[in-house]
Amino acid sequence: MAQQPTPEFRADAVYVALTSGLPRRQVAAGIGVGFSTLSRWRQQHRCNPEKPIAQSDFERYVAASR
């Protein structure tokens, strides 16, 4: 069984998907999750938004890989 992503990973993934300007499919592929998974996380975030997340190592990694 695959390890479940942490809530922090999910929050970072949603943050990147919302702020990077990249297509969601590209973000999903870049972080190694399915497009539908990222879309579901994004929808869950809309229903229960959290405080804005500061730029993380994850976001810097994604930005550097563009």
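Here, residue 1 is the first one in the sequence, and each next residue gets the next number.
- To the nearest 0.5 Å, atom CZ of residue Arg10 and atom OG1 of residue Thr37 are 8.5 Å apart.
- Note: Thr6 OG1 to Asp12 CG = 7.5 Å, rounded to the nearest 0.5 Å.
- The structure places CD of Gln44 at 6.0 Å from CZ of Arg40, a figure rounded to the nearest 0.5 Å.
- Leu38 approaches Ala17 most closely through the heavy-atom pair CD2-CB, 4.1 Å.
- Linking Ile, Leu, Val, Met, Phe, Trp and Tyr whenever their side-chain heavy atoms come within less than 4.5 Å leaves Phe35 and Phe9 in two separate clusters.
- Here OG of Ser36 is found 11.0 Å from CZ of Arg24. Values are rounded to the nearest 0.5 Å.
- Inter-residue side-chain proximity for Pro5 and Val33 is flagged as unmet; no heavy-atom pair is nearer than 4.5 Å.
- Between Val27 and Ala13 the shortest heavy-atom distance is CG1-O, 4.4 Å.
- Contact detail for Arg42 and Val14: the closest heavy-atom pair is N-CG2, 3.9 Å.
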